[in-house]
Amino acid sequence: MIDIQLLETPLSVTDCSDYVATAEVGGSTLFIGTVRNQTKGKSVLRLDFEAYAPMAISEMRKIAEQACEKWPVKKMAIHHRTGSLGIGEVAVIIAVSAAHRKAT
């Protein structure tokens with residue numbers, strides 16, 4: 001199951017983590033991308049994210065589906081912000097849960 005969202009409001013780590021949590025999995029992980037204060041030696045004041053929602057959601061879904069084909073993913077959430085974000089604000093959250101891998 002895949003949950004893709006493109007939001008103008010602050011993202012919730014708890015919502016993403018709760019979505020992928022299930023008793024059927026052995027592990028989960030979170031990636032939280034935030035706005036940093038500099039890149040390539042240049043100061044950053046904010047980042048402005050714009051998106052054509054139908055295409056952005058479609059592309060995020062493709063990425064999620066490719067991951068699900070390659071690994072035993074049980075659930076995945078990809079939430080991405082749009083709008084103007086300041087330093088430290090969360091721009092993207094990717095949460096994934098999966099069963100334990102097979103013993104080798």
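The figures here come from the full heavy-atom set of this structure, side chains too, leaving out hydrogens, waters and symmetry mates.
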In this structure, would [X] and [Y] fall into the same cluster of hydrophobic residues linked by side-chain contacts under 4.5 Å?
{"X": "V25", "Y": "V73", "answer": "no"}
{"X": "L7", "Y": "I94", "answer": "no"}
{"X": "V13", "Y": "I78", "answer": "no"}
{"X": "V44", "Y": "V90", "answer": "no"}

With salt bridge (Lys or Arg N to Asp or Glu O under 4.0 Å) as the rule and sequence neighbours excluded, what pairs involving residues 51-61 come up?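 Matches after skipping sequence neighbours: E59-K62.
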Suppose the criterion is salt bridge (Lys or Arg N to Asp or Glu O under 4.0 Å): which pairs have a residue in residues 70-85, not counting sequence neighbours?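 Qualifying pairs: E24-K74, R81-E89.
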Can you spot which of D3, I4, V96, I63 makes a side-chain contact (heavy atoms from CB on, under 4.5 Å) with M76?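 The residue from D3, I4, V96, I63 that satisfies side-chain contact (heavy atoms from CB on, under 4.5 Å) with M76 turns out to be V96.
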Quick one: do I2 and C68 satisfy side chain to side chain contact (heavy atoms under 4.5 Å, CB included)? Show the steps, please. CA-CA 9 Å; I2 300 170; C68 291; 4.1 Å; yes
Anything under 3.5 Å between a donor and an acceptor, one on a side chain of residues 28-43, the other on a protein residue two or more places apart or in another chain? List them.
{"residue": "R36", "atom": "NE", "partner": "Q38", "partner atom": "O", "Å": "3.4"}
{"residue": "R36", "atom": "NH2", "partner": "T39", "partner atom": "OG1", "Å": "3.0"}

Any chance you could measure I93, atom CD1, to S12, atom OG, to the nearest 0.5 Å? 6.5 Å
Hey, are the side chains of L85 and R46 touching, using non-hydrogen atoms and a 4.5 Å cut-off?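 No, every pair of side-chain atoms sits at 4.5 Å or beyond.
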Does the side chain of L11 reach to within under 4.5 Å of the side chain of C16, using non-hydrogen atoms?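 They are not in side-chain contact.
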Atom pairs and distances, donor-acceptor, side-chain atoms in residues 50-57, under 3.5 Å, two or more places apart:
none

Under 4.5 Å side-chain linkage, directly or through intermediates, the cluster mates of Y19: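 Besides Y19, the hydrophobic cluster comprises M1, V20, listed by chain and residue number.
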Show every ring pair (Phe, Tyr, Trp, His ring centres under 6.0 Å) that has at least one partner inside residues 76-95, sequence neighbours left out. F49-H80
